[in-house]
Amino acid sequence: MTMNDQAHALVFTVSETHGIPARFAKLIEKHFKIICCEEFLKNEKELADKIQVILMWHHSPTINEKLLKSLPCLKAIVNHGVGVDHLDLSLIHSFGVKVANTPHVVDNATAEMGMALMLASARNILKGQQISTSPDTKIYPLNLYGVEVTGATLGIIGMGRIGYKVAQRAKGFDMKILYHNRNRRTEEEEMLVGACYCAKIDDLLQESDFVMIVVNLTPQTTKMIGERELRLMKPNVTLINISRGGVIDQDALVKVLQNGIIRAAALDVSKPEPLPRNHPLLHLPNVILTPHIGATTDKTHHMILEKMIENALAAVRGLPMPNEVLLS
């Protein structure tokens, strides 16, 4: 098959900083001719009928009605990562276009990120780094007290694939593990990680030293952690979010952090991303904020892209996509 015979895939751009990295683009080019958005806009009449799939990388390109109308032969939108809360599934499906995501491959990296945030916050890693490298440091402080993770109680909100992998890792720290989930895990699964099910989220919040959020963003989970829930937590609790920023009421979070109602927060996600540069969360000493890098490892991104290509090829060939996302 020549390049001209290949199906065309629309991507936002190829860039190491804000698009599909060039080293990954080479994998796509084995199966698809890549069309970047800038090229498409310049040659829309020529390219519109050739593009059959959109490969979304970090929520780009933006999918709206105008774009969907301009791509009459579009068969599928394949999303980088698991969450599809940034996509209007009803609108996309109304155009007869399918959607796929890339579950499973992000699980290990995201679980590792949750543990990294928990440890970094508990042991004041960032503050310690600042003190150690500051040109003004003459003597190390003796009162940079952290909290111990070993033997502490970890409450996991959302015990899906990633939540369970967090529990597996936490077991290695001899943590007591509580979890709240729509569906209870089997007794065998609970025993393997030593997890106790909390039917009521309030029980988990009141008993945990660390609370980690690992849920999808849905209408039901939007702002599920508000001021009421935050005030139920222990004063020395650390809140960790590796899911989506919209799960937490950020205004309420700022309030309780400023007033010392909870110890700290460690967040890999926010709403929006990035936050406005004057947002209070950026300037609180008891907050760690990272730029949504939970799944950002070279190995995981390589696996994500392979899964994206697998789904895209299935769509082009008229076969069932392995990871199709259906309307609920």
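Just so it is clear, the values below take in all heavy atoms, side chains as well, and ignore hydrogens, waters and symmetry mates. Note that the structure is a prediction, hence the values are computed from the model and not measured.
Between Y179 and Y197, the ring planes are tilted. Angles from 30° to 60° get that label. The aromatic rings of F24 and W57 sit tilted, their planes meeting at an angle between 30° and 60°. The aromatic rings of H59 and H292 sit perpendicular to each other, their planes meeting at more than 60°, with 30° as the lower class boundary.
Using a 4.5 Å cut-off between side-chain heavy atoms of Ile, Leu, Val, Met, Phe, Trp and Tyr, L142 forms no hydrophobic cluster with any other residue. Chaining together hydrophobic side chains whose heavy atoms lie under 4.5 Å apart places L144 alongside I131, Y140. Annotation for I63: hydrophobic cluster partners, listed by chain and number, are L10, I35, F40, L41, L47, I51, I54, M56, L67, L68, L71, L74, I77, V84, L87, L89, L91, I92, F95, V97, V99, V325, L327 (ILVMFWY side-chain heavy atoms under 4.5 Å, direct or chained). Within the hydrophobic cluster formed by Ile, Leu, Val, Met, Phe, Trp and Tyr side chains joined at under 4.5 Å, directly or through other members, M191 stands alone, with no partner residue.
With hydrogens and angles disregarded, no donor-acceptor distance shorter than 3.5 Å links the side chain of N101 to the backbone of N79. Listed for the D174 side chain is no donor-acceptor partner under 3.5 Å among the backbone atoms of G151.
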Exercise for the section: Under the side-chain contact (heavy atoms from CB on, under 4.5 Å) rule, what do L267 and I288 come out as? Steps first, then yes or no, please. Expected result: CA-CA 6 Å; L267 315 169; I288 294 176; over 6 Å; no
Handout entry: E16 and R23: CA distance, side-chain angles, deciding distance, salt bridge (Lys or Arg N to Asp or Glu O under 4.0 Å) verdict
Key = CA-CA 9 Å; E16 291 295 332; R23 64 190 185 281; 2.9 Å; yes
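Applying the side-chain hydrogen bond (donor to acceptor under 3.5 Å, both in side chains) test to residues at least two apart or on different chains, none of the pairs has a partner in residues 143-153.
What you find for T110 and I242 is that their closest heavy atoms are O-CD1, 3.6 Å. Nearest heavy-atom pair across A170 and L154 is CB-CD2, 3.7 Å.
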Donor-acceptor pairs are to be reported for all side-chain atoms of residues 245-263 against protein atoms at under 3.5 Å, with residues two or more places apart or in another chain.
| residue | atom | partner | partner atom | Å |
| --- | --- | --- | --- | --- |
| D249 | OD1 | D251 | N | 3.2 |
| D249 | OD1 | A252 | N | 3.2 |
| Q250 | OE1 | K271 | N | 2.8 |
| Q250 | NE2 | K271 | O | 2.8 |
| K255 | NZ | E227 | OE2 | 3.2 |
| N259 | ND2 | K255 | O | 2.7 |
| R263 | NH1 | S121 | O | 3.4 |
| R263 | NH1 | T238 | OG1 | 3.1 |
| R263 | NH2 | S121 | O | 3.0 |
| R263 | NH2 | A122 | O | 3.4 |

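Within 6.0 Å of CZ in R182 there are 12 or fewer heavy atoms belonging to other residues, nucleotides or ligands.
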